[in-house]
J.: 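Here's a structure for you.
Numbering starts at 1 and runs along the sequence shown. FYI, side chains are in, hydrogens and waters are out, and symmetry mates aren't considered; it's all heavy atoms of this structure.
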Amino acid sequence: MTDTVLVAGAGPTGLALAIHLTLRDVPVRLIDAAPGPATTSRALGLQPRGAEVLERIGALGDLPERSQRSLTMSYNEGSRTVLRMRVGQAAADLPKQALLVSQAEVEGVLRRRLGELGGAVEWDTRLVAAEQDGAGVTVAVRTEDGAERQAETRWLIGCDGAHSTVRKLAGIGFPGRRLMERLLMADVRARWPFDRNGSTTWMDAGHMLSVTALPDDTWRIFTEPPADLPRDLPDGEIAERVLAEFSRRSGVGLDTVTEVRWATEFRIHRRLADAYRRGRILLAGDAAHIQSPTGGQGQNTGLGDAENLAWKLVLVARGRADARLLDTYEGERRPLARNVLRATSTAVNVMLPDTAWKRLVRDRLVLPAVRLPAVQRRLWVAASQLGIGYRGGPLARTSHRWASGPRPGDRMPDLRCLDPGGEEVTLHAAVSARWVVLAADRRAADRHAEAAAARLGDGLVTALVPVPGAAEAAGVDARDVVLVRPDGHIGWRGRPAPDRLAAWIDEVLWPA
């Protein structure tokens, strides 16, 4: 096979997946039908979990310095603010904060990281056909010159968005429903009297209008158009409609608007693929699930998909695991996507009621509750995706839901550790698409790492020793050895016993 893995779609999910694979020397080809990188984007938020994923593959770069972190979300009824949520205050104790940054910026740092590793995106290269057999996938791609060329790959991964060609070629269903019939959006430069550290949303009349601050005096405006608005309006007319509605609802004039940078129309759907894998074809990101942008979950869920799939694909591609390991990707990630879809859809229905009694419930019950700092904190912890876990899933079936302390399937908290050379590092920065053995004793850490490496392969395992008190602070008994997966989740935990750790790895890699 010329390419072990062909990834279609060079958005955040496809780029992150390609970086993971390249870090572990798995040949990968990354194509995209677009003529070049996007300069505009719908996604604006990088949740803490997404930032962790980027950090683990060395792609976070200077995004934290270029992003807004102390965010405020205001909800208005006319001129009256009925709810204000301060993200920075509500979740100040989280190990990482949400970053308000354009998806285009996130893709930029991912492309740079891929380039550092010797990879690149093949732009203007469209997948047009795919047929698989037991040995691989034969694909046809159409390039910039209009020519069609065939290629072979062992695995085809669809990261090509909501209208995924890969998903359609694989015959995988994508059921769901519309959450909003239409949304108009525009990015404009203007000097407006709103908080530059967040967004302001008007909810009256059951129709949403929202304005979010971006760098360089730029604002993003979303609004629902009237039902009788003609379809397929030119971008210029969309911008005029958006600005007129904004001025009417906000009471702010348009005299300081100096530039319209982008305008478009789209629909918000809730959809979940029937399957994430069909033979040698797999889906990730928006190709597998789409939801309301509420809470900034889409891009971050896709990054999590990429990381979860990547470490499993590395082992299968290297001949270290049975292909059935890839089934655990769907087993872990699809239930999570279903929960995300449910939560974001509920948020839309609650905050934008379409009946009088729903409006009454929102105003009398929901809004008073959400004003409470404790409730806001719970909401933002959930949105952060730091609480994502796979207890009871295919690789952590014995982890009970209510058991205390970090258990197999849970995200392992970041710890200060000493690497094999005695240098202090953080756990998440040291992962770098590898497995990590944590043990309080260096000899124990090395012995367990050797047992793991014998099964997982050279270069895929490192041994760290937590600095004194770090493990206990994270809820881990210092007497335990912990095996952390490349996606930051606990694979195995127990008293020192290299043979037991090895048995767990064998069970995962080569299921009976």
J.: Side-chain contact test, heavy atoms from C-beta onward, threshold under 4.5 Å: evaluate it for I31 versus W123 and give yes or no.
T.: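 A side-chain contact under 4.5 Å is absent here.
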
J.: Provide the closest heavy-atom pair for P406 versus V476 in the form atom of the first, atom of the second, distance.
T.: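 Taking P406 first and V476 second, the nearest heavy atoms are CG-CG2, 4.0 Å.
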
J.: Any heavy-atom pair between the side chains of H428 and E52 that's under 4.5 Å?
T.: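 The answer is yes, as the side chains (C-beta and beyond) meet within the 4.5 Å cut-off.
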
J.: Among side-chain atoms of R261 and T218, is any donor-acceptor pair under 3.5 angstrom?
T.: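 Yes - a donor-acceptor pair under 3.5 Å links their side chains.
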
J.: Should the pair E332-R485 be classified as a salt bridge under the 4.0 Å nitrogen-to-oxygen rule?
T.: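 Salt bridge present between E332 and R485.
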
J.: Are the side chains of L6 and W155 in touch, meaning some heavy atoms are under 4.5 Å apart?
T.: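 With C-beta onward as the side chain, the pair stays apart.
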
J.: Would you sort out whether V257 and R189 count as a side-chain contact (heavy atoms from CB on, under 4.5 Å), showing the intermediate values?
T.: CA-CA 6 Å; V257 176; R189 290 193 68 188; over 6 Å; no

J.: Counting C-beta onward and ignoring hydrogens, is there a side-chain heavy-atom pair between V53 and R49 closer than 4.5 Å?
T.: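 The answer is yes, as the side chains (C-beta and beyond) meet within the 4.5 Å cut-off.
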
J.: I'd like to know if the side chain of R278 and the backbone of G171 have a donor-acceptor N/O pair within less than 3.5 Å.
T.: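 Checking the backbone N and O of G171 against the side chain of R278, a donor-acceptor pair under 3.5 Å is found.
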
J.: Any non-hydrogen side-chain atom of R29 less than 4.5 Å from a side-chain atom of V5?
T.: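 Side-chain contact under 4.5 Å: no.
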
J.: Check whether any side-chain N or O of T256 sits under 3.5 Å from a backbone N or O of R191 as a donor-acceptor pair, and report yes or no.
T.: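 Here the side-chain-to-backbone pair exists.
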
J.: Ignoring hydrogens and angles, tell me if any N or O in the side chain of R56 forms a donor-acceptor pair with the backbone of D487 under 3.5 Å.
T.: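 Here the side-chain-to-backbone pair exists.
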
J.: Quick check against the 3.5 Å criterion: does R270 have a side-chain atom that pairs as donor or acceptor with the backbone of R177?
T.: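 No; zero donor-acceptor contacts below 3.5 Å.
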
J.: Mind checking whether L54 and V106 have side chains closer than 4.5 Å, heavy atoms only?
T.: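 Side-chain contact under 4.5 Å: yes.
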
J.: If I take atom CG from residue N339 and atom CZ from residue R334, how far apart are they, to the nearest 0.5 angstrom?
T.: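 These two atoms lie 11.5 Å from each other.
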
J.: Does the ring center of Y329 lie less than 6.0 Å from the ring center of W311?
T.: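 Distance test on ring centres: not under 6.0 Å, no.
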
J.: Calculate, to the nearest 0.5 Å, the distance between atoms CD and CG belonging to E116 and L23 respectively.
T.: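 Nearest 0.5 Å value for the CD-CG distance: 10.5 Å.
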
J.: Taking only Lys NZ, Arg NE, NH1 and NH2, and the carboxylate oxygens of Asp or Glu, determine whether R391 and D410 approach each other closer than 4.0 Å.
T.: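 Counted as a salt bridge, because a side-chain N and a carboxylate O are separated by less than 4.0 Å.
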
J.: With R333 as the cation and Y276 as the aromatic partner, state whether NZ or CZ is under 6.0 Å from the six-membered ring centre and within 45° of the axis.
T.: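 The answer is no, since R333 fails at least one limit relative to Y276.
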
J.: State, yes or no, whether a side-chain contact exists between M412 and I490 at a heavy-atom distance under 4.5 Å.
T.: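 A side-chain contact exists here, since the closest heavy-atom pair is under 4.5 Å.
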
J.: Quick check: are there more than 12 heavy atoms from other residues, nucleotides or ligands sitting under 6.0 Å from CD of E122?
T.: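 Correct, the count exceeds 12.
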
J.: From L313 CG over to L282 CG, what is the distance, rounded to the nearest 0.5 angstrom?
T.: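 It comes to 7.0 Å.
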
J.: Rounded to the nearest 0.5 Å, how far does OG1 of T125 lie from CG of D32?
T.: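 If I round to the nearest 0.5 Å, the distance is 8.5 Å.
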
J.: What is the minimum heavy-atom distance between S250 and F194, and which atoms define it?
T.: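 That closest heavy-atom pairing would be CB-CZ, 4.1 Å.
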
J.: Using modelled atom types only, decide if a donor and an acceptor are shared between the side chain of R277 and the backbone of E330 within a distance under 3.5 Å.
T.: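 No; judged by distance alone, with no hydrogens or angles, the pair does not exist.
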
J.: Might you point out which heavy atoms bring V7 and G14 nearest each other, and give the distance in Å?
T.: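 Residues V7 and G14, closest heavy atoms: CG1-CA, 3.9 Å.
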
J.: Indicate whether any N or O donor in one side chain lies under 3.5 Å from an N or O acceptor in the other, for D286 and H163.
T.: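 Distance-only check fails for D286 and H163.
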
J.: Quick check: closest heavy atoms across A18 and V28, and the distance to 0.1 Å?
T.: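 Scanning both residues, the minimum pair turns out to be O-CG1, 4.0 Å.
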
J.: If you measure from CG on L184 to CD1 on I221, what distance do you get to the nearest 0.5 Å?
T.: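 L184 atom CG to I221 atom CD1 measures 11.0 Å (nearest 0.5 Å).
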
J.: Less than 4.5 Å apart, side chain to side chain, heavy atoms only: is that true for I172 and V166?
T.: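 In short, these two side chains do not touch, never coming nearer than 4.5 Å.
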
J.: Are more than 12 heavy atoms from other residues, nucleotides or ligands located less than 6.0 Å from atom CG of D232?
T.: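 At most 12 heavy atoms, drawn from other residues, nucleotides or ligands, come within 6.0 Å of this atom.
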
J.: Take the angle between the ring planes of W219 and W192 and call it parallel below 30°, perpendicular above 60°, tilted in between.
T.: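 Rings of W219 and W192: tilted, as their planes differ by 30° to 60°.
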
J.: Could you go step by step and tell me if L156 and L127 meet the side-chain contact (heavy atoms from CB on, under 4.5 Å) rule?
T.: CA-CA 11 Å; L156 171 62; L127 180 74; 4.2 Å; yes

J.: Kindly say whether G409 contributes a backbone atom to a donor-acceptor pair with the side chain of H489 at under 3.5 angstrom?
T.: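 Yes, H489 side chain to G409 backbone: donor-acceptor pair under 3.5 Å.
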
J.: Ignoring hydrogens and geometry, is there a side-chain-to-backbone donor-acceptor pair from R271 to I290 under 3.5 Å?
T.: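 Not confirmed, R271 side chain does not pair with I290 backbone.
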
J.: Write down the atom of G285, the atom of D305, and the distance for their closest heavy-atom approach.
T.: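 Heavy-atom minimum between the residues: N-OD2, 3.0 Å.
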
J.: Verify ring pair (Phe, Tyr, Trp, His ring centres under 6.0 Å) between W202 and F222, making sure each step is shown before the conclusion.
T.: CA-CA 10 Å; W202 287 264; F222 293 96; over 10 Å; no

J.: Would you compute the distance between atom CZ of R416 and atom OG1 of T426 and round it to the nearest 0.5 angstrom?
T.: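 Rounded to the nearest 0.5 Å, the CZ-OG1 separation comes out at 10.5 Å.
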
J.: Would you kindly say whether Q385 and T301 are connected by a side-chain donor-acceptor distance under 3.5 Å?
T.: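 Present: a donor and an acceptor within the cut-off.
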
J.: Can you name the closest pair of heavy atoms from A51 and L60 and give their distance?
T.: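 Shortest heavy-atom separation between A51 and L60 comes out as O-CD1, 4.0 Å.
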
J.: Look only at the side chain of S164 and the backbone of D160, and say whether a donor-acceptor pair between them is shorter than 3.5 Å.
T.: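 Not confirmed, S164 side chain does not pair with D160 backbone.
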
J.: Counting only heavy atoms from other residues, nucleotides and ligands, does the tally under 6.0 Å from CZ of R126 exceed 12?
T.: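 At most 12 heavy atoms, drawn from other residues, nucleotides or ligands, come within 6.0 Å of this atom.
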
J.: The test is salt bridge (Lys or Arg N to Asp or Glu O under 4.0 Å); show your working for R241 and E245 and say whether it passes.
T.: CA-CA 6 Å; R241 297 270 186 169; E245 182 67 6; over 6 Å; no

